[in-house]
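In this text, all values refer to a predicted model and were calculated from it rather than measured experimentally. Values below: every heavy atom of this structure, side chains too, minus hydrogens, waters and symmetry copies.
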Amino acid sequence: MSVDEVLNQKVQEAMEEFAFISTVATDDEASSYNGPVAMVELHAPVEGQFILCAPKELLQELVDFAGGGMLDSDSWDAQKDMLAEVANLIAGQIQSAYEAEVTIGLPVVDENASVECALRRFETESTSFWAAVKDAKSAEHAA
Amino acid sequence: MEKRILIADDSSVARLVVKRCAEVVGLDGEFEEAEDGQSALLKAAGADIIFIDLNMPKMHGRDVLRALRGSGNQVPIIVVSSAVNQSVSDDLLSLGATAVLRKPFSPASMSEVMERLEMSP
């Protein structure tokens with residue numbers, strides 16, 4: 001399975017399992033994005049950088065769900081933590097799709113990042129978000 | 001006596017999810033939180049059960065696990081992480097993890113672990 005196929009599968013699974021948000025990987029790609037972004041360095045078995053670009057509406061929805069009303073979904077601190085956690089979750093799942101030692105970095109979140117790379121658009125019932133594995137070097141072990 | 005439950009994860013959202021899930025499965029007690037590996041190691045003494053993430057600042061969860069078991073700490077340690085496949089899980093269990101929960105997990109998965117540890121209500 002290619003890294004792109006693993007990305008599509010793991011993004012959809014993570015959103016469904018973590019927050020019961022049904023997500024579809026579209027054929028649309030964007031070449032740039034401005035807004036809240038989380039980045040996670042991938043070291044092994046896939047090398048590269050996982051990038052998750054999520055609009056605030058989606059982050060609010062995720063905070064409302066996972067926080068169970070105990071977190072303020074309008075707060076950037078809560079949204080930032082959620083974006084980091086979801087990025088970490090998906091990055092971990094991408095790496096663990098390959099049967100090998102897993103190493104990833106810590107998520108880095110920027111509220112107003114400017115990203116330029118090929119980003120896959122994912123669609124939920126209420127909004128869209130984008131994700132990519134930038135500069136991916138395929139793992140030796142096939143998923 | 002009330003159980004002392006330590007949740008070590010750098011994400012406050014993840015800590016909250018673990019705590020809510022623990023409460024849902026009836027694991028009552030005093031919850032304590034650690035935001036990084038070093039803090040987890042310091043707060044582990046006296047805990048009755050530890051939930052620990054792997055990918056944390058200052059000290060990786062695997063190193064915390066190794067240090068705790070190396071010092072003779074025998075409390076149940078549940079590793080909670082998304083970066084887990086069979087080989088990682090086997091490695092963690094060989095280092096002394098009591099169980100491994102793959103994120104995202106359901107209350108049912110946590111309940112199974114608690115039943116195995118005979119910590120269900």
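- With a 4.5 angstrom heavy-atom cutoff, A:L89 touches chain B via backbone and side-chain atoms both.
- Residue A:A84: no heavy atom, backbone or side chain, is found under 4.5 Å from chain B.
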Inset, instruction - Begin with the C-alpha distance, continue with both residues' side-chain angles, and end with the deciding distance and a verdict on side-chain contact (heavy atoms from CB on, under 4.5 Å) for B:V13 and A:V63. - result: CA-CA 8 Å; B:V13 169; A:V63 171; 5.7 Å; no

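- B:E32 CD: more than 12 foreign heavy atoms inside a 6.0 Å radius.
- Neither the backbone nor the side chain of B:R15 comes within contact range of chain A, judged by heavy atoms closer than 4.5 Å.
- Within a 6.0 Å radius of CD in A:E101, more than 12 heavy atoms belonging to other residues, nucleotides or ligands are found.
- At a threshold of 4.5 Å between side-chain heavy atoms, the hydrophobic network of Ile, Leu, Val, Met, Phe, Trp and Tyr places B:I7 and B:L117 in one connected group.
- With hydrophobic clusters built from ILVMFWY side chains whose heavy atoms lie under 4.5 angstrom apart, A:L42 does not share a cluster with B:M56.
- Checked for salt-bridge contact, B:K103 and A:E13 miss the test: no charged N lies under 4.0 Å from a carboxylate O.
- In this structure, A:L7 is a member of the same hydrophobic cluster as A:F18, with clusters built from ILVMFWY side-chain heavy atoms closer than 4.5 Å.
- Across B:S87, B:P57, B:S82, the residue that shares the most heavy-atom pairs under 4.5 angstrom with chain A is B:S82.
- Remark: A:E85 CD to B:D9 CG distance equals 5.5 Å, nearest 0.5 Å.
- Note on B:I52: it does not cluster hydrophobically with B:V18, by side-chain heavy-atom contacts below 4.5 Å among ILVMFWY residues.
- Across B:N85 and A:Q95, no two heavy atoms sit closer than the pair ND2-O, 4.4 Å.
- When the candidates B:S81, B:S12, B:A14, B:S106 are compared by the number of heavy-atom contacts under 4.5 Å with chain A, B:S12 comes out ahead.
- Contact annotation for B:V84: only backbone heavy atoms (N, CA, C, O) come within less than 4.5 Å of a heavy atom of chain A.
- Following chains of ILVMFWY side-chain contacts shorter than 4.5 Å, one cannot reach A:F65 starting from A:L71, and the two form parts of different hydrophobic clusters.
- Here the closest non-hydrogen pair linking A:S96 and B:R102 is OG-NH2, 3.2 Å.
- Contacts between A:A78 and chain B at a heavy-atom distance below 4.5 Å involve the backbone alone (N, CA, C, O).
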Legend entry - Residue pair A:N88, B:N55: steps toward the side-chain contact (heavy atoms from CB on, under 4.5 Å) verdict: CA-CA 9 Å; A:N88 183 58; B:N55 201 27; 3.3 Å; yes

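- Looking at A:M15, A:E16, A:Q93 one by one, the single match for side chain to side chain contact (heavy atoms under 4.5 Å, CB included) with B:P104 turns out to be A:Q93.
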